[in-house]
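Bear in mind the structure is a predicted one, so any value in this text is a computation, not a measurement. Because only heavy atoms are used, hydrogens play no part in the values below, and waters and symmetry mates are left out as well, while side chains stay in.
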Amino acid sequence: ETQDFMRHFHASYIIADEYGAEWARALGAVNEYYGFFTYDLPDLPGRIRGEREWAFEIDDFVANEAGILSATENKTCK
């Protein structure tokens, strides 16, 4: 989903630009694991059956990393 990618990209870019790449990676991971433990595990049967989308998505890590790399390449990352 394009909006989801852009949301993760933008958030990671801003965090990396303001606080550094390490913080952006850490907070992105915390966000994904929070979604997994808070939303996915309690509804595991529904997620497995495909009734609802997963909160934890590998693609979100990809979007986060793209935002971090973009901030770093622009040399605005601290």
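- For N31, the side chain to side chain donor-acceptor pair (under 3.5 Å) criterion is met by no residue, not counting sequence neighbours.
- When the ring pair (Phe, Tyr, Trp, His ring centres under 6.0 Å) test is applied to F9, no partner is found at least two apart in sequence or on another chain.
- Criterion: ILVMFWY side-chain heavy atoms under 4.5 Å apart, direct or through other members. Under it, V30 and F36 are not part of a common hydrophobic cluster.
- For the ring pair (Phe, Tyr, Trp, His ring centres under 6.0 Å) test, residues two or more places apart in sequence or in another chain that qualify with Y33 are F56.
- For the pair A24 and S12, the tightest heavy-atom approach, listed with the atom from each and the gap, is CB-O, 3.8 Å.
- Of all non-hydrogen atoms in E32 and A55, the two that sit nearest each other are OE1-O, 3.3 Å.
- Across all non-hydrogen atoms, the minimal contact from A29 to F61 is CA-CE2, 3.8 Å.
- Checked against side-chain contact (heavy atoms from CB on, under 4.5 Å), I14 has the following partners two or more places apart in sequence or in another chain: H10.
- Annotation: the span from E22 atom CD to L27 atom CG amounts to 11.5 Å, rounded to 0.5 Å.
- D17 contributes no side-chain N or O that, together with a main-chain N or O of Y13, makes up a donor-acceptor pair within less than 3.5 Å.
- Residues satisfying the salt bridge (Lys or Arg N to Asp or Glu O under 4.0 Å) test with D40, not counting sequence neighbours, are R47.
- Between W54 and Y39, the closest side-chain pair of non-hydrogen atoms is not below 4.5 Å.
- A continuous path of ILVMFWY side-chain contacts below 4.5 Å connects F37 to L44, so both sit in one hydrophobic cluster.
- Side-chain heavy atoms closer than 4.5 Å link hydrophobic residues (I, L, V, M, F, W, Y) into clusters, and following such links, even through other members, never connects I58 to I68.
- Applying the salt bridge (Lys or Arg N to Asp or Glu O under 4.0 Å) rule to R25 yields the partners E65; only residues at least two apart in sequence or on another chain are considered.
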